[in-house]
Novice: 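Pasting in a structure now, in structure tokens, and then I'll have a few things to ask.
For clarity, every value in this text was computed on a predicted model and none was experimentally measured. Labels below follow one simple rule: chain letters A, B, ... track the order of the sequence lines, proteins then strands, and each chain is numbered from 1.
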There are 2 protein chains.
Amino acid sequence: MKRKLTLKLIAKELGVSISTVSKALRDSPEISEETREKIKAYAKLYNYKPNNIALSLKNRRTNTIGVIIPQIVHHFFTTVISGIEQEARDRNYNVIICLSNNGFDKEVENMELLANGSTDGFILSISKETMLKEDYHHLNEVIEQGMPVVMFDRVVEGISCDRVLIDDKAGAKKGVSHMIRTGCRKIGIITSEDYISVGRLRTEGYLDALDDYGIAANDNLILKLDNIDDLTEESKKRIEDFVTKNDLDGIFTVNEFFAVHATRVLTKLGKRIPEDVSIVCFTDGQLSENMIPSLTAVSQHGEEMGRKAASILIEKLEREDSETAPYDTAYIDTSLVERESTRKLNR
Amino acid sequence: MKRKLTLKLIAKELGVSISTVSKALRDSPEISEETREKIKAYAKLYNYKPNNIALSLKNRRTNTIGVIIPQIVHHFFTTVISGIEQEARDRNYNVIICLSNNGFDKEVENMELLANGSTDGFILSISKETMLKEDYHHLNEVIEQGMPVVMFDRVVEGISCDRVLIDDKAGAKKGVSHMIRTGCRKIGIITSEDYISVGRLRTEGYLDALDDYGIAANDNLILKLDNIDDLTEESKKRIEDFVTKNDLDGIFTVNEFFAVHATRVLTKLGKRIPEDVSIVCFTDGQLSENMIPSLTAVSQHGEEMGRKAASILIEKLEREDSETAPYDTAYIDTSLVERESTRKLNR
DNA sequence: TTGTAGGCGTTATCAA
DNA sequence: TTGATAACGCCTACAA
């Protein structure tokens, strides 16, 4: 096993000083053509690469972005990460990903860990528990220390940071409006409790759409579940009840899982989709695409969101006059992907 | 914006030397009770945390595991990462994830990047292109430099590293045997070309199962597609042909996508599942669970695989006598998750 | 009990 | 043209 090559080793081997090697490798004109070539040849031959850790220490910057997300076994988040990765790579940054598992303590722990020299800034989507607790000291601390933060998707107010958001409200409105235009009149929504920001906003979009078309909202047609990331047994039951009791002709859901389960219940009830009931869900993922029938979905463009978040963060990192730039919220547009679960629009 | 606290700053503030501070914070008995308390109180008050970068440089170890995977928008890989994360956290390691996007160049680039001081070892699943190229110099290089490597799922021979594998062959055999036991006799397989190791092994398992039950294999019932990670239009067509032309009573597929598309084609043909045709797929993900009908699947236990890979790597990292331990392959068991797409077994 | 010095790998400044 | 020195933040052997 050969030890990793360092400037020191090269210097010793070639009988010159460390600084000569350093300069030669950076093409400094201070060094004679001859020595330079000799050193560069040697370095190339033995595949010298500067040690990132040493560089980070020296430069007081790591060129690394820390990403903290609630969970990784989640299609939307993976698309965002993929976008972050792309942008970071294009601009010569690394990415470290940590998971909070939707827990407050892990989120804090992760931030502290990464903040101790491992990253220059953060991109994060806040955990459910943190939202409930409303304790954001960990965010404020890293910001206080001069590390910029960009929040995406699940954000909170009152933090000095940039934000990238899906336009959840407009997206939901788009989906529900489409159902109305294709003839649905009694549309239910399966959403989350209001403390989950994306759920609340999507509910608002739903209400907006009804209002626009002069359809009265009805609280009985709104089902609020207490999670938005998965489908618990409890949620399944409530969806079954909801779908069975209300004779809906359209169902809008804030995620794919709820839509899939509603589909299942409808199928069991002998309802045809989309002839009897239309379905539209938020999040255009694998399930929407592959279900039979495939589901019309509001696509979130996660990759674009990731790229945007990374781009904003890097911009901040590379701006010298740190204090001046104001904080800002970028919106990522959604688009409606029409599939088999809604009727065709007559044009 | 306050600068991050360092030993130096604390020392200056309290009028002692840096080493006194360092020792006090590490509870050295060398330092007087009084000074120790004073320093610790100050550090706690201002929330001092040692700088990871400096520690890494000093200790020549980063306590960080580098993970390189072909893609992240992929359910199985996310479960593995989740497992790696858990194990790493339990044992006080960090995780850096990089994506190769199934490309050789990116894989090499990523390894070189992380190898320059950022990580102590690697966990990786090799990219498709690398497998085709059969160029593993980047792996050999980092191993040569003393960084242990653990390969998982998509592995190759002839590299000095540990491996963690799904027992693909046994898993496929399990799935196909189940179909046979529940009455299927004309079972087709939708798999990948042989150069993708997991595809090849699963095909072998399929053949094994047929053989065990004395059913003659038939090349016409084996469809080999050239990808295993997604569903191209080309693949869709070939699946349509395959399913339509052969009057199968069972279909085994090496991933969820192929199964879902086969289901779609069967539904269109008016076949009932599982009464007319049974379906079993490899990979127990969201699709298998949520499809209507839900799919019987061979579950890969990705989290367990991740934990195992991380655990093996960390063991290697913490063993001083590096050379002695032999390389070894661990197998993660699969299990069959019975759902609606297969008939019940009469017991 | 406390402090000094050297080193991890690199770069920048200044001296030779 | 080359080299010695200091610094990034931390730790530790050794000296005071």
Novice: Report which part of the nucleic acid A:Ser22 touches: base, sugar-phosphate, or nothing (heavy-atom distance under 4.0 Å, all strands).
Specialist: base
Novice: How close or far is atom C1' of D:dT1 from atom CD1 of A:Ile39, stated in whole angstroms?
Specialist: 11 Å
Novice: Please report, rounded to the nearest Å, how far the P atom of D:dC14 is from the NZ atom of B:Lys23.
Specialist: 12 Å
Novice: Give the rounded distance in Å between these two atoms: CD1 of A:Ile53 and P of C:dG9.
Specialist: 12 Å
Novice: Counting the atoms with a prime plus P, OP1 and OP2 as sugar-phosphate, which does B:Leu57 contact under 4.0 Å by heavy atoms, base, sugar-phosphate, or nothing?
Specialist: base
Novice: With side chain to side chain donor-acceptor pair (under 3.5 Å) as the test, pick out the partner of A:Asp120 among A:Thr62, A:Asn63, A:Thr64, A:Asn94.
Specialist: A:Thr62
Novice: Between A:Ser19 and A:Lys8, which is nearer to the 5' end of DNA chain C once each is assigned its nearest nucleotide?
Specialist: A:Lys8
Novice: Between D:dC8, C:dG7, D:dA13, which nucleotide has the shortest distance from any of its atoms to the side chain of A:Lys58?
Specialist: D:dC8
Novice: Within the structure, does a side-chain N or O atom of B:Arg26 lie under 4.0 Å from either OP1 or OP2 of D:dT12?
Specialist: yes
Novice: Provide, to the nearest angstrom, the distance between the CD1 atom belonging to A:Ile10 and the C1' atom belonging to D:dT2.
Specialist: 17 Å
Novice: Once you round it to whole Å, what is the distance between P of D:dC8 and NZ of B:Lys4?
Specialist: 17 Å
Novice: Check the distance between D:dA13's C1' and B:Glu30's CD and give it to me in whole angstrom.
Specialist: 10 Å
Novice: The side chain of B:Asn51 lies closest to which of these nucleotides: C:dT11, D:dT2, D:dC10?
Specialist: D:dC10
Novice: Can we say A:Arg91 and A:Glu315 salt-bridge, meaning some charged N sits less than 4.0 Å from an Asp/Glu carboxylate O?
Specialist: yes
Novice: OP1 or OP2 of C:dT10 versus the side-chain N and O atoms of A:Tyr48: is any pair under 4.0 Å?
Specialist: yes
Novice: Counting just side-chain N and O atoms, does A:Thr20 come under 4.0 Å of either OP1 or OP2 of D:dT1?
Specialist: no
Novice: Take atom CG of A:Leu5 and atom P of C:dT10, then tell me their distance rounded to the nearest Å.
Specialist: 8 Å
Novice: For the side-chain contact (heavy atoms from CB on, under 4.5 Å) test, which of B:Asp90, B:Ile332, B:Ile312, B:Ile84 pairs with B:Arg307?
Specialist: B:Asp90
Novice: Evaluate the ring planes of A:His74 and A:Phe76, with Trp represented by its six-membered ring, and classify them as parallel (under 30°), tilted (30 to 60°) or perpendicular (over 60°).
Specialist: perpendicular
Novice: Among the nucleotides D:dC8, D:dG3, D:dC10, which one has an atom lying closest to any side-chain atom of A:Arg60?
Specialist: D:dC8
Novice: Under 4.0 Å, counting only non-hydrogen atoms across every strand here, what does B:Thr35 touch: a base, just sugar-phosphate, or nothing?
Specialist: sugar-phosphate
Novice: Measure the distance from CG on A:Asn63 to P on C:dT10 and round it to the nearest whole Å.
Specialist: 16 Å
Novice: Taking the side chain of B:Ser17 as heavy atoms from C-beta outward, which of C:dT11, C:dT4, D:dG3 is closest to it?
Specialist: C:dT4
Novice: Among C:dT10, C:dT2, D:dC10, which nucleotide sits nearest the side chain of B:Leu7?
Specialist: D:dC10
Novice: Just to verify, which of A:Leu9, A:Leu14, A:Val16 counts as forming a side-chain contact (heavy atoms from CB on, under 4.5 Å) with A:Val21?
Specialist: A:Val16
